[in-house]
Every structure is written in structure tokens, then in C-alpha cells.
Chemist: 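Quick one: the structure is below, and I'll ask about it shortly.
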2 protein chains.
Amino acid sequence: MTRNAERPTLEQVASLAGTSRATASRVVNGSPRVSPEARAAVERAIDALGYAPNRAARSLVTRRSDSIGLIVTESEERVFGEPFFATLVRGVSDALAGTETHLVLVLNRSDQEHSRVRRFLSAHVDGVLLISAHADEPLLAQLAADPLPAVLAGRPLQPTSLPYVDVDNAHGAYVAVRHLVERGRSRIATIAGPQDMAPGIDRLEGYRRAVADVVGTASSLVAFGDFSTASGERGTEELLERHPDIDAIFAASDLMAVGALQALQRRGRRVPEDIAVVGFDDSVVAATTHPQLTTVHQPVGDLGRLMVQRLCAALDGSSPVPRATVLPTHLVVRDSS
Amino acid sequence: MTRNAERPTLEQVASLAGTSRATASRVVNGSPRVSPEARAAVERAIDALGYAPNRAARSLVTRRSDSIGLIVTESEERVFGEPFFATLVRGVSDALAGTETHLVLVLNRSDQEHSRVRRFLSAHVDGVLLISAHADEPLLAQLAADPLPAVLAGRPLQPTSLPYVDVDNAHGAYVAVRHLVERGRSRIATIAGPQDMAPGIDRLEGYRRAVADVVGTASSLVAFGDFSTASGERGTEELLERHPDIDAIFAASDLMAVGALQALQRRGRRVPEDIAVVGFDDSVVAATTHPQLTTVHQPVGDLGRLMVQRLCAALDGSSPVPRATVLPTHLVVRDSS
DNA sequence: GGTGGCTGTGAGAGCGCTCTCAACCCGTCT
DNA sequence: AGACGGGTTGAGAGCGCTCTCACAGCCACC
């Protein structure tokens, strides 16, 4: 384990450059108070030795870790469509690319690991990005009480002072339903998501607002699911039973929309001729169904990027951090509507 | 940024416990050379103060970072089915759960970031997990030359001394084709993946071996794709044109299988009645197609877990690290075959 | 009663870095 | 000529921890 025993230190750089360690440090950290000659000499020495600063030593004195934590709670991967996690991580990584900041990943599974996450938080990162679907996420309270800067993915359900970045779920749903109306649909039902999760609530609200905007459209064509394919099937069957005359379904997730397509096909209803279907997420599956799914796209990569930006702002205290940032969603029209 | 100014140090723990810093350190690190009384006193002090060791200070002296890097190259997320990344990370995280080791994520996008990755490697982690599809990945050579322990996901194409963990692509393909044979299919074609990637090569090899096992089966019913849906469509059309009488297609990825389903449907070929289709990956989309896709499941979570185990073995030098570890794949039979 | 080993303990060095502080050089002003 | 000020520099402390080393205490043995 004692690798890199030969890694050069700042001391060696300084002595090769013929300066003191302090001056070498100034060069490494880009201080302006260094003469051009000294700077050049140190830079030459750095190249010659292949010097890279020892992060631990630096952290010890600066009291910064130069890394941020990405905490993902268990349920998340199941709830969001699969591209979500990878795309978000990509966005976060993008935003971090120019900096020296590391991204430390913590998947928060069970309660037994909770203490681990806590210690982790307080000791090892400068800030935290939290991805959590659970409304009752105890970490939220912990983070709010901690001086550690944190940014949430998605609107939290309970009141908290922590800033968050979200996609405009309500407006996305609203636009999806308006689209169905414009296509001439008048009996538009929805399969809503869980009502203990912000996306579930907000997408249903968008649906309701759009339906209320249209005079003469019934407003109670709602079934509830859990974002899964199976629940989409169940929801569709329930809707067809209660309201056989519906001519459109807005599903609050692509997977539920897939379930709807399957249920409709089983019942012999043609999509989009008899019933139009719109999903939400613009996940991989949306392009693999038959017919291909009209769905609401959410800018997940931007979500990650913006979370980092907000966190960095909080870290260096340069600019005030807005408590809420909401990114626009947009409709992707394919063949199912 | 000067948060946690009040974080307790080992010194404070020791003084509260009435011992020296050295003894407190022994307790923290679980040394057996401490009397029960001293241990209890220190533990009480730790609880009272809410002490957590300063990682930077520890790293500085131990010369370990207690973290490992997960390096993912750009193309990867596109190539593998979407659940791949999340599931692998989950497996890695699982394996790390009991330890104090952190997981640092690096997405290696462009060449300009290459130097960043290099510095990162040499300075900040004890070991590396590399996920890379590219055969010509320059990091491979760098890692092989570096004393930094590394474990690869997937068989590397060029010869290297680095250990890797892979899933049994060839056998998975073999089993898939044998399954088609058992279902009575005799004109079995394949849409192979890119031949500059190990999974593409190995899955084709498995197909060829299975076909060779069956006397009287033609062996040149091969089209090539890039694992994407679109390439699956193209490959299917190409196959149908060249060999209109094929009665089964083994696609080297689920997405290509989806493309095949779409192309077949357009041509009015029924699946599985006229043509059976089998995919590879057991991704989310496999369960959302119509008919649902028979596919080869690969234990991606186990892949991650095992990579960590191999890396840890390399780190503590306890046991020799096998150069290759291959995990079994298995067929998931659904409706398309 | 002395020797040897074995256990538990504390003093102290030092990991590589940043940052404060005082010193220094040199040109400019009184 | 002396005082002053801005720019540049180096000495040195110290971040919180681990780990070596020496030593004190204790038992068993000759």
C-alpha cells in the first residue's frame, strides 16, 4: 500500500527552483504576488518533477476537502426512469469538470447506514447534493440543521430552508394535456403518480389545471399508480371500467404509459386512433414502444449542472442562492397522440 | 467556508478521557493493545464530543486516501443499456458499504480532461475501477504502467496485466441460440455488436459456437449493428433481404432487439410465430416491448461488487488477484421466442 | 532478588501543505 | 540624505493525525 513513496513534495520543487516553499506554494495556488522569474522557475521545477499537490496536506490546513457528496437514497433508482441517474450524474460531472472538486458518491440504502452518511457529511465533504424521493427523508432535517451547504434535487415536500432545483413538473403535465385537447380529445384521463412524492403531486396538479381551463371537460378521471409499468396497466383498466368513453390518457411516467399501451392493446383499443397516450420523462423506453410515445421531456442533465452551480455559490458565498430553481420541461410529440 | 470550526480533535477526546492522544488513537483504530478501562473512557469521550476523525490528517500520515475512483469513459453510457450504470454503481456501493472507503466518481469525457484524470489517479485514490468500452482506451496503458491498483469492467481487448471482471457474454449468447434451436428454429440469424468491443466480439462468438454445434444450420446469417435500436432495425432489414427464410434473430443487445421487433412488425412478420427474437442485457426495455423480450440477463450488480472485492484484495495484498473473473449469465424467457 | 518477557502507556516527531509575519529590496518623495 | 511605501520573499508555526520508541508496571522464572 505504500505506493508513490517517491512522489515529489513542494519542498523539493522549491529547492529545485531555488526558492522557498512559500513561494512555490504561491505559484501553485496562483497568487499574483510572485515575480515572473520566480514563477517561471517554479513552473519549470513542477514540470521536471511531475509535481502534484498532496490533497490531504492541503485539506488539513485549509479545512476544505475540495469535494462534494452526491447522496442518493435507495428508492430513487426505482422511481425515476433509468436514464435519470446516469444523466444527472453526467450533468453534475460536467459542471465540476473545470474545477478541482471531486464528486463522492454515497448510496444511502438502509437505516443502518444512516449514521455512516451522517459522519460522512460532517467530516468529508464541503457540500452535498441530495437526491431523494421520500417525503419523510430524515436526512433533510439533518442537513437543514447542519451548517453544511446542501442542494436538493426536486421540490421537498416538507418545509425546509434548503435550496432546491426542480423541473417544472406541473407545467409539463399542463402542456401535455393541452396538447391532447388541441388534438381534439375531450375525455382526458390521467394515471397519477404517488401523492407522497412531489413529482406525483405536481404532475397531477398540472393535469387538473389544464382540465379546468377547458370548459366542459370532466375533471375526475384520475387513477393512481406508483410510476411502474404494472401500475400503469392497472390504472388503465380501472379507468376504462369507470369511464369507458375516455379518449386520452396522460400517464405521469413513461413506464406507466407503457403499461397503459399494453392494457389498451389487450382491450383492442387502438392508439392513437381510439385513445391517445402521453407519458412523462422522455426515457429510453418512450422511443421503443409501439406506437412511439409522446412524452414530456425533463432536462435532467441541466438539473445536475444547476445543482452544482447553486452549491458552489453557497460554498464560496459569492452570490445569494435562490431557494428554488425550476427548469422548463417540454413536450416531445411522437406517435401515440 | 470555515465551517465546523468547532469539530473536536483527538487531543480533546484524549484529554476528556484522561489519556494521551496515542491511546485515544489506538481506540479509534481498534488496536488490541488498550486496557478495557482506557478503551471505555475514550469511547465515552468520543460519544460525548461527537468526535469523528479528520480524514485529511489521517491520510497525510498513512499515505492512503481510503477512497477508490470509479472512472467511466464517455461512450460507456451510450453503449450499455441504461440500467447498466446505475446497477453497477449500486453493486460497487454495496461492496463498499461496510468499509470506510469512499467512492469517487470520474466521468472521463474528452481528451482535454485526460490530464485531469491522470493527476487524479496518481494523487487522490488508493485504487481504480475502470469502465471503458473503447478498445484503444489510453488510460489502460497508463494504468498498467502505474503502480496504482486497478480493476477493469469487462475483458480488455489489448493485452494488459490488469485484472478484470466480466460477464460471460459468449456463454450467454450460446445459451440464447441453443434456446432458439430447442424451440425448433433452424434458420437463426444474429445482429452482432461492434467488433471493436469485447461484448460485441464475445456475443458473436457464442452465437457462432452454438450454430456450429448444430449440424445443418447455416453459419453466415450475420448482420452488424452498434447496439442501438436504429441499427437493430437496419440489421433486421438487411437480414430479411439476404435471407428471407430466417425464423429467428439473436440480437446482441436489447435495443437492437427492439429495433428488430419494429422492423419485423413493419414487414408484417409475427413474433414469435414467424420469427423468434432474443435480446441481450435484460434491460428495462425488454419488459416493455410487445411481445416482451426473451433476453440474456447479466449480473451487473455482482460485477460491481466483485470488482470492488478484487480491488480490495489488491490493495491489502492479502490474497492474490485472479487476472480474470467471469460471472455467469442466464436466459430470461419471455414471449418473443 | 535479579533477570527476562510482555502489556499498556505517553512523549514526540513528522506527514506536506498554507498562511502569517517580518524582513528585504528598490524606487519615490520630502 | 533619510523616510516611506509597494512589491517580493523566506522563516516558521501549526493543521490533526499515526507511529515509533522508550519506559513503567507486572508476572514468572531461575
Side-chain angles (χ1 to χ4, degrees), chain A residues 1-43 45-46 49-67 100 119 122-124 126, chain B residues 1-43 45-46 49-67 100 119 122-124 126:
Chain A
M1 270 310 309
T2 317
R3 16 165 278 93
N4 286 332
E6 71 296 333
R7 264 189 69 202
T9 71
L10 196 56
E11 188 73 55
Q12 294 171 38
V13 169
S15 102
L16 181 60
T19 71
S20 72
R21 198 174 60 241
T23 297
S25 173
R26 286 186 191 101
V27 172
V28 168
N29 293 291
S31 158
R33 304 215 162 292
V34 182
S35 68
E37 304 82 49
R39 180 178 308 279
V42 170
E43 278 166 355
I46 287 175
L49 265 42
Y51 170 80
N54 180 315
R55 214 178 167 88
R58 177 180 282 175
S59 284
L60 186 55
V61 39
T62 61
R63 299 163 163 286
R64 277 183 289 110
S65 64
D66 287 326
S67 55
E100 285 287 294
R119 288 182 52 164
S122 68
H124 308 314
D126 297 336
Chain B
M1 272 309 307
T2 318
R3 13 167 279 93
N4 286 335
E6 71 297 331
R7 264 189 69 201
T9 71
L10 196 55
E11 188 73 56
Q12 295 171 38
V13 169
S15 104
L16 180 60
T19 72
S20 72
R21 198 174 60 242
T23 296
S25 174
R26 286 186 190 102
V27 173
V28 168
N29 293 292
S31 158
R33 304 212 164 292
V34 183
S35 68
E37 305 81 49
R39 179 178 308 278
V42 170
E43 278 167 354
I46 287 176
L49 265 43
Y51 171 80
N54 181 315
R55 214 177 168 91
R58 176 180 285 174
S59 285
L60 186 54
V61 38
T62 60
R63 297 161 166 288
R64 277 182 289 110
S65 64
D66 288 328
S67 55
E100 284 288 293
R119 288 182 53 164
S122 68
H124 308 315
D126 297 335

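Here is how names work: the chains are called A, B, and so on, in the same order as the sequence lines, proteins then strands, and each is numbered from 1. All values derive from a computational prediction rather than experimental measurement.
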Chemist: Could you state the interatomic distance from CG (B:D126) to OG1 (B:T62), rounded to the nearest 0.5 Å?
Modeler: 8.0 Å

Chemist: Can you list everything that forms a salt bridge (Lys or Arg N to Asp or Glu O under 4.0 Å) with A:R21? Sequence neighbours excluded, please.
Modeler: A:E11

Chemist: Round to a whole Å and report the spacing from CG of B:D66 to P of D:dC17.
Modeler: 14 Å

Chemist: Take atom CZ of B:R55 and atom C1' of C:dG16, then tell me their distance rounded to the nearest Å.
Modeler: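 Distance check: B:R55 CZ to C:dG16 C1' gives 18 Å.
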
Chemist: Which distance, rounded to the nearest 0.5 Å, do you find between the NE2 of A:H124 and the OG of A:S59?
Modeler: 11.5 Å

Chemist: Hey, could you give me the OG/CG distance between A:S65 and A:L60, rounded to the nearest 0.5 Å?
Modeler: 12.5 Å

Chemist: What residues form a side chain to side chain contact (heavy atoms under 4.5 Å, CB included) with A:I46, not counting sequence neighbours?
Modeler: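 With sequence neighbours excluded, A:I46 shows a side chain to side chain contact (heavy atoms under 4.5 Å, CB included) to A:V13, A:V28, A:V42, A:Y51, given in chain and number order.
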
Chemist: Please name all residues satisfying side chain to side chain contact (heavy atoms under 4.5 Å, CB included) with A:N29, sequence neighbours left out, ordered by chain then number.
Modeler: A:S25, A:R58

Chemist: Any chance you could list the contact pattern along nucleotides 6-15 of chain C? Use B for base contacts, S for sugar-phosphate-only contacts and - for none, protein heavy atoms under 4.0 Å, 5' to 3'.
Modeler: --SBBBBB-B

Chemist: Between atom CG in A:N29 and atom P in D:dT8, what is the gap in whole Å?
Modeler: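 It is 17 Å, rounded to the nearest whole Å.
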
Chemist: Could you check how far CG of B:L49 sits from C1' of D:dG16, rounded to whole Å?
Modeler: 14 Å

Chemist: Could you give the CZ-to-C1' distance, from A:R64 to C:dC19, as a whole number of Å?
Modeler: 13 Å

Chemist: For a quick test of reading the model: is some side-chain N or O of B:S25 closer than 4.0 Å to OP1 or OP2 of D:dC17?
Modeler: no

Chemist: Hey, does the side chain of B:R55 reach the backbone of B:D66 with a donor-acceptor pair shorter than 3.5 angstrom?
Modeler: yes

Chemist: Can you list the residues that meet the side chain to side chain contact (heavy atoms under 4.5 Å, CB included) rule with B:T23, with sequence neighbours excluded?
Modeler: B:T19, B:S20, B:R26, B:V34, B:A38

Chemist: With axes from five pairs an end, tell me the bend angle of the helix from C:dG1-D:dC30 to C:dT30-D:dA1, nearest 10°.
Modeler: 60°

